[in-house]
Amino acid sequence: MVQLSSTLLYTAFILYLIGTFFFGGSIRDRRKEREGKDRWSQLGIAVTIIGFLAQLGYFITRWIAAGHAPVSNLFEFTTFFGMMLVAAFIIIYFIYRLSVLGLFALPVALLIIAYASMFPREISPLIPALQSDWLHIHVTTAAAGEAILAISFVAGLIYLIRVVDQSKPSKRTFWLEVVMFCLITTLGFVVVSTAFGLSGYEAKFTWVDKNKQKDEMIYELPALVGPHEGKLTKDSADRMEPFLEMPAIINAKKLNTVLWSLMAGTVLYIALRLLLRKRIAAALQPWVKNVNLDLTDEISYRAVAIGFPVFTLGALIFAMIWAQIAWTRFWGWDPKEVWALITWLFYAAFLHLRLSKGWHGEKSAWLAVIGFAIIMFNLVAVNLVIAGLHSYAGT
């Protein structure tokens, strides 16, 4: 059953990749797309739906194998997040029939799934805090809300690539390029993790956790930063010594992964810039030159209007109910709780500025991009680096 689950996830990944190429092909003939006769788009959405069904099959078979909803660790949650992003795209595609959305939404989903696949994929028993039906309710609803909000980011990114003047450097071109760099950094994480994984690299440390207890930590990447009072074990004495030691509150192993991702992403970004001889956003601009800006702006807003209440329900209301049951308090200022609140406040401000202050078009698009950056910071940095009650989600 586990093998079947993995095969279905891999199949979904390949189909999403093929779907991306089909949607790219549809951009070449705008007349047929407007008439609803574009075979490339029809093939793209058909392949995407098949891929989604394959990933849904992965989710169901893994649930059967594990005996619980497969959203209990970072691999499972992130793959579910990617699946919900694809589901949100499929629904929005049938409403608006905008092929260019698939050209950008599917690669984002691919990066998220590839990012997830770099974490441990073993099925393990639930810890006591997770043995509750609220696991299914809270986590799946929160992920669904974030996925719908991610569509707002995709539409906002398309809008910005279309309208930002790339003929001369400016603050707008700089920050848009920062977004491109962050996406490439995710790919860098996949590349570097795969490379060291294939080489079989491993370094073991003994260290002291925040409870003053000695423990062992295994690095799969050379240690740039080491754990609190960490020392290499005898069988890892030939491995690289870390440059810095982290306090116990910081998960040094996962921070080390983030640093390697940034390094690999920087190398990939520079290589792409040298190859293209222009900014990444400038290279993508011809693909969106015929985009209807009003339609793209509407999609970005509608995604927030739908995703915000879903996120509110899952990430705040259901989370607080479960926290009361599991920890006998609704709120405890855990890092994950704080950043969920920050995300909620940001999107509340987004809707306020949009509806009351008239922030449409480019301003709204920038807000959509910033909102997704907050979501990804919560997913990556808070889960990987900061130790808290939700640290089990990063295992």
Side-chain angles (χ1 to χ4, degrees), residues 2 5-7 9-14 16-17 55 58 62 70-83 85 106-124 180-205 207 216-227 230 232 236 238-244 246 250-272 375-387 391-395:
V2 175
S5 176
S6 299
T7 301
L9 181 61
Y10 179 75
T11 301
F13 186 90
I14 297 299
Y16 294 154
L17 187 61
Q55 192 170 0
Y58 141 79
R62 189 174 176 93
V71 289
S72 61
N73 58 41
L74 200 54
F75 165 73
E76 294 175 342
F77 174 83
T78 309
T79 50
F80 181 77
F81 176 37
M83 184 175 76
L85 197 161
L106 290 181
V108 172
L110 285 167
L111 282 174
I112 289 172
I113 295 169
Y115 168 78
S117 68
M118 295 300 104
F119 294 100
R121 285 170 265 181
E122 295 81 9
I123 294 175
S124 55
M180 298 295 122
F181 171 77
C182 291
L183 292 173
I184 292 170
T185 296
T186 305
L187 182 60
F189 166 74
V190 174
V191 171
V192 75
S193 296
T194 301
F196 281 104
L198 292 174
S199 71
Y201 184 90
E202 186 178 278
K204 294 181 181 179
F205 286 87
W207 69 294
E216 185 175 89
M217 184 177 291
I218 301 176
Y219 278 55
E220 286 80 31
L221 299 172
L224 301 174
V225 294
L232 286 166
S236 298
D238 59 334
R239 297 305 189 186
M240 188 177 88
E241 291 280 355
F243 297 105
L244 293 172
M246 293 293 103
I250 300 295
N251 190 314
K253 174 184 173 181
K254 293 173 181 176
L255 175 59
N256 189 64
T257 301
V258 171
L259 294 176
W260 271 103
S261 301
L262 289 172
M263 290 168 54
T266 301
V267 172
L268 280 176
Y269 176 78
I270 293 172
L272 283 172
I375 289 174
M376 293 310 295
F377 180 84
N378 196 359
L379 177 64
V380 178
V382 177
N383 270 331
L384 293 185
V385 178
I386 304 174
S391 294
Y392 56 77
T395 59

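Scope of the values below: all heavy atoms of this structure, side chains included, with no hydrogens, waters or symmetry mates.
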If I compare all heavy atoms of G82 with all of A109, which pair ends up nearest, and what's the gap?
O-CB, 4.2 Å
In terms of heavy-atom contacts, Q55 and Y16 come closest through OE1-OH, 2.9 Å
Measuring only between side-chain heavy atoms, which start at C-beta, is T78 closer than 4.5 Å to I113?
no
I want to check something: taking the side chain as every heavy atom from C-beta on, are I112 and F81 in contact at a cut-off of under 4.5 Å?
yes
What's the separation between atom CG in L379 and atom CG in L74, rounded to the nearest 0.5 Å?
6.0 Å
Is the closest side-chain heavy-atom distance between L255 and K253 below 4.5 Å?
no
Side-chain touch P222/Y201, heavy atoms, less than 4.5 angstrom:
yes
Those residues that, when tested against E241, pass side chain to side chain contact (heavy atoms under 4.5 Å, CB included) (two or more places apart):
L232
Exceeds 12 heavy-atom contacts within 6.0 angstrom, atom OH of Y10:
no
Looking at OG of S117 and CG of L9, how far apart are the two atoms once the value is rounded to the nearest 0.5 Å?
8.0 Å
Salt bridge (Lys or Arg N to Asp or Glu O under 4.0 Å): which pairs involve residues 71-80, sequence neighbours left out?
R62-E76
Side chains of T257 and E220, heavy atoms from C-beta outward: is any pair under 4.5 Å?
no
Going by the rule side-chain hydrogen bond (donor to acceptor under 3.5 Å, both in side chains), which residues pair with T79 if we only count those two or more places apart in sequence or in a different chain?
Y58
Suppose we screen for side chain to side chain contact (heavy atoms under 4.5 Å, CB included). Which residues come up paired with A223, at least two apart in sequence or across chains?
F205, Y219, P242
Salt bridge (Lys or Arg N to Asp or Glu O under 4.0 Å) contacts in which one or both residues fall within residues 193-205, not counting sequence neighbours:
K204-D235
Validation: residues 183-194 side-chain donor-acceptor distances under 3.5 Å, sequence neighbours left out:
from : atom 1 : to   : atom 2 : distance (Å)
T185 : OG1    : F181 : O      : 2.9
T186 : OG1    : C182 : O      : 3.4
S193 : OG     : F189 : O      : 2.9
T194 : OG1    : V190 : O      : 2.7

Please walk me through it: do V225 and F243 pass side chain to side chain contact (heavy atoms under 4.5 Å, CB included)?
CA-CA 6 Å; V225 294; F243 297 105; over 6 Å; no
